Amino acid sequence: MQPTQIVKQTLWARLRQWFHQERRVLLTSSTVASCVIILRFAGFLQSWELSALDQVFRLRPPESPNERIVIVEINEKDLQQVGQWPIPDAVMATLLQKINAFKPRAIGLDIYRDLPVKPGYREFIKACETIPNLIGIELLPDEKSLGVPPPPPLKVNNQFGFNNVVVDPDGKVRRSLLYWHVDGKRHTSFALQLALIYLKAEGITPKGSRVNPRYLQMGQAVFRRFESTDGAYVQADAKGYQILANFRRPSSFRIVSMSDILFNRVEPGLLRDRVVLIGSTASSLQDFFYTPYSNNLVKAAQPISGVELHADFLSQILSAALDGRPLINTWSDLVEALWIFGWCWIGASVSWRLPFPKKSVISMFLAGTGLIGICYLAFLIGWWIPIIPPLLALNGSALVITGHLAYLKEELKRSKDFLQTVINTIPDPIFVKDTEHHWIILNQAYCKFSGYPLEILIEKSPYDFFSKHEADVFWENNERVFQTGKEQENEEEFTDALGNTHLIATKRSLHKDAAGNIFLVGVIRDITERKQLEEELKRTAAELTRDNAELKQEEMQLRHLAYHDPLTGLPNRQHFHDCLHQSLQWANSNNQLVALLFLDLDGFKQVNDSLGHDKGDLLLKIVAQRLKACLRGSDTVSRLGGDEFTVILPAIKKVQDAATVAEKILETLSRAFVLDGDTVFVTVSIGISVYPLDSNELNTLIKNADSAMYRAKEQGRNQFVLS
């Protein structure tokens, strides 16, 4: 198997084990998260999440005022001084001219002037025509209004923008409009028109984003278009080009009254090179809106004026484009679902690992605080991350797991009571362990066998009482059953409280109650005596085996002595007869020739007489070695006694083959023999008979070969003679 395959199998095994261990947590997380996600995307949590967003706005640290914008308010006192509403065109023309004299970069008139308000309409028209950076407002028609057209003198040069506002179902404004299409024609918002004039002086013009050409980019900011499911919204009205509004705190802009302008009570540098917004703040005109900053836990909701609302929209565009102030971004639905599931898993996992209610409550509080802290910090850098759905998921999964643990605990108590009653009636030692390998139930026989009382053993593990080696073995055997779920029986060592070591056979199996609690049940049998008896039987059998081997060895030695010459190790006379008999039978069955050679040494007696019998015995040994060396493995060399040898040549093809072997023997034995320093020369006389040519009968064949050998001696020795 390749190393890569081994690694993959190991990882897969570990993954399966992890899923098995975490299945309850994963099941709870998936179920609770699915419910919360359904509630979230069905819109049931929208109002809560929007309220949470408002709270994050209010907790955000104050920002420095936006010095680029100045509001010229028309308050109740101003209305009383003018004496009528709408304000006469003459007063409005004077106000515009005086503001323009301070050389602001843009002027926004957040007051409807679609109809003349005498006196002074000509002066008003002239002011509009001579102030190129003046922007008026229009109200686009919608379901609630027929709309209001822009001031006629400003409409000619397209110096106006709509001031329509998107209001959420709870009456708050959280989004800003940049563009709107009516009858196929694009309309630009009041705030965006003013922003474009201001940014043009900074060399910034609108263009499409490189990431998405559909998105508007100005300077450092890309204004991502609002979608109907962004943030906490569900099927929200996403018509036009909307963005999420990143409001400043109320009173973030310099405000001067209309009277201050008209009576020259304003410093010249206050309005220079700024955007000046003119609008009503008088409560009697009811031009007010609610924003995330409107609510307060103590005071009643405080709305802001329409002119300040548009100042907020304008401020967001300018600060984002010029300063990189964060816009509000949101996650995709998929990422939000994963975010909810992640916190759901945290709640379930922590509660599962901390089954104690007090610890679980503290952990959930800390986790919830951490969740809120993460969302708050993310909002500071421009990300609106859901708070309510993951909080519900976190605490919901924790409650489900806590309830499940309570059920498991109650069911575990019932199971323990039942098992305790059952196993106490059994004489064998029995233990029950939980998945942490702790004893939870023990019968009286186990306590007696171990030598420890029940009160000491219960809720403990083997590592508290046994040697590490024994405890490791118990743990491994237990874990194997937990992992496989299969019943197993193992032989182990068990040392009791008195230090006596027993050999035991433990049968382990798993038990699961109605609640899914898993127990390991072990039944022990003491097999010490049986093992000792087995060891004794093994030793006895080993001794018998050894004795039999010695007898066989002696028998083989005796057999060898009976059939072999003790001096040369060659087959003796009896063995020679048996071999010859077998060779003749085989030759008869296979229609083959067998040659028999009788050999007698010439001059052996002289060696014995002159050099002694020891040298003569040594000579016989060397002769035997030379004979075996010059013959085939199938040929048989025997010593009949004294200096007489025989050679059996089975399966020869013709008589001449026997003569060839005889010549080889003569040549081999004619070479000098060195006997412990003495050099001697001997020759050999050979007689040959061939089966079945010379005889079909064994004894006759032997006599013929013997006679031929004697004739060889008579004819001069050192030669062979055929029968």
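In this text, all values refer to a predicted model and were calculated from it rather than measured experimentally.
The ring-ring contact (aromatic ring centres under 6.0 Å, His included) with Tyr452 is formed by just one residue from the set Phe466, Phe465, Trp439; it is Phe465.
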- Going through the checks in order, is the side-chain contact (heavy atoms from CB on, under 4.5 Å) test met by Trp343 and Leu391? CA-CA 8 Å; Trp343 284 101; Leu391 270 179; over 6 Å; no
- Task: Show your reasoning for whether side-chain contact (heavy atoms from CB on, under 4.5 Å) applies to Ser461 and His438.
- Result: CA-CA 5 Å; Ser461 77; His438 293 154; 3.6 Å; yes
- Task: Check step by step if side-chain contact (heavy atoms from CB on, under 4.5 Å) holds for Arg224 and Thr330.
- Result: CA-CA 10 Å; Arg224 190 180 69 85; Thr330 60; 2.8 Å; yes
- Message: As a quick check of understanding, evaluate side chain to side chain donor-acceptor pair (under 3.5 Å) for Gln532 and Glu536, giving each step before the final call.
- Response: CA-CA 6 Å; Gln532 290 175 348; Glu536 291 179 2; over 6 Å; no
- List the steps, then state whether side-chain contact (heavy atoms from CB on, under 4.5 Å) holds for Glu470 with Thr495. CA-CA 8 Å; Glu470 290 184 358; Thr495 302; 2.6 Å; yes
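Looking at Glu534 and Arg530, a side-chain N of the basic residue comes within less than 4.0 Å of a carboxylate O on the acidic one, giving a salt bridge. A salt bridge links Glu492 and Arg508; the closest N-O separation between the charged side-chain nitrogens and carboxylate oxygens is under 4.0 Å. Ion pairing of Glu63 with Arg249 is absent here, as no side-chain N (NZ or NE/NH1/NH2) approaches a carboxylate O to less than 4.0 Å. Ion pairing of Arg525 with Glu489 is present here, as a side-chain N (NZ or NE/NH1/NH2) and a carboxylate O approach within less than 4.0 Å. A salt bridge between Asp472 and Lys468 is present, with a side-chain N of the basic residue lying under 4.0 Å from a carboxylate O of the acidic one.
The main-chain N or O of Leu27 is never found under 3.5 Å from a side-chain atom of Ser30 such that the two would form a donor-acceptor pair. Remark: the backbone N or O of Gly382 is not paired with any side-chain donor or acceptor of Asn246 at under 3.5 angstrom. Looking only at distances, a side-chain donor or acceptor of Tyr376 sits under 3.5 Å from a matching main-chain atom of Leu59. For the pair Asp526 (side chain) and Ile504 (backbone), a donor-acceptor distance under 3.5 Å is absent. The backbone N or O of Leu392 lies less than 3.5 Å from no partner atom in the side chain of Asn395, so there is not a single donor-acceptor pair. Under the 3.5 Å distance criterion, the side-chain polar atoms of Asp230 are left unmatched by any main-chain donor or acceptor of Phe226. With Ser397 contributing its side chain and Ala348 its backbone, the two residues share a donor-acceptor pair below 3.5 Å. A donor-acceptor pair is defined here as one N or O able to donate and one able to accept, closer than 3.5 Å; no such pair exists between the side chain of Asn500 and the backbone of Asp496.
For CD of Glu487, the number of neighbouring non-hydrogen atoms (other residues, nucleotides, ligands) closer than 6.0 Å is greater than 12. Enclosure of atom NZ in Lys460 by more than 12 non-hydrogen atoms of other residues, nucleotides or ligands within 6.0 angstrom is indicated.
Once rounded to the nearest 0.5 Å, the distance linking NZ of Lys448 with CG of Asn443 reads 11.5 Å. Note that the CG atom of Leu533 and the CD1 atom of Ile527 stand 12.5 Å from one another [nearest 0.5 Å]. Taking CG from Leu442 and CD1 from Ile430, the interatomic distance works out to 10.5 Å, rounded to the nearest 0.5 Å. Rounded to the nearest 0.5 angstrom, Cys375 SG and Leu380 CG are separated by 11.5 Å. To the nearest 0.5 Å, atoms CZ (Arg174) and CD1 (Ile328) are separated by 10.5 Å. For the atom pair SG (Cys344) and CG (Leu338), the distance works out to 12.5 Å, reported to the nearest 0.5 Å.
Nearest heavy-atom pair, Leu457 versus Cys447, reported as atom, atom and distance to 0.1 Å: CD1-SG, 4.4 Å. Residues Leu567 and Leu620 approach most closely at CD2-CD1, 3.8 Å, considering heavy atoms. In terms of heavy atoms, Ser363 sits closest to Val350 at CB-CG1, 3.4 Å. Nearest heavy atoms, Ser360 versus Leu354: CB-O, 3.7 Å. Residue Phe57 comes nearest to Phe247 through the heavy atom pair CE2-N, 3.6 Å, listed as atom of the first residue, atom of the second, then distance. Taking both residues in full, the closest heavy atoms of Pro292 and Asp54 are given as CB-OD1, 3.2 Å, listed atom of the first, atom of the second, then distance.
Between Trp383 and Trp331, the angle of the ring planes lies from 30° to 60°, which puts this pair in the tilted group. Between His564 and His575, the angle of the ring planes goes over 60°, which puts this pair in the perpendicular group of the 30/60° scheme. Relative orientation of the His437 and Phe482 rings is perpendicular, given thresholds of 30° and 60° on the angle between their planes.
A 4.5 Å side-chain heavy-atom check between Thr636 and Leu631 finds every atom pair outside the cut-off. The shortest side-chain heavy-atom distance between Glu491 and Leu503 does not fall under the 4.5 Å cut-off. By the 4.5 Å heavy-atom criterion applied to side chains, Phe576 and Pro571 are not counted as neighbours. The shortest distance between side-chain heavy atoms of Lys433 and Phe519 does not fall below 4.5 Å. By the 4.5 Å heavy-atom criterion applied to side chains, Cys35 and Leu39 are not counted as neighbours. Using a 4.5 Å heavy-atom threshold, the side chains of Leu394 and Ile346 count as touching. By the 4.5 Å heavy-atom criterion applied to side chains, Gln488 and Asn490 are counted as neighbours. Here the side chains of Trp475 and Glu479 are in contact, with some heavy-atom distance below 4.5 Å.
A donor atom on one side chain and an acceptor atom on the other are not found under 3.5 Å apart for Thr484 and Arg480. Checked by atom type, the side-chain pair Asp428/Tyr446 shows no donor-acceptor distance below 3.5 Å.
Because its NZ or CZ atom is both nearer than 6.0 Å to the ring centre of Tyr233 and within 45° of the ring axis, Arg175 counts as a cation-pi partner of that residue.
Screening residues 623-639 for salt bridge (Lys or Arg N to Asp or Glu O under 4.0 Å) gives Asp565-Arg639, Arg632-Asp635 as the qualifying pairs, with residues at least two apart or on separate chains.
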Donor-acceptor pairs under 3.5 angstrom involving side-chain atoms of residues 41-50: please list them, not counting sequence neighbours.
from	atom 1	to	atom 2	distance (Å)
Gln46	OE1	Val234	N	2.9
Glu49	OE1	Ile387	N	3.3
Glu49	OE1	Ile388	N	2.8
Glu49	OE2	Ile387	N	2.8

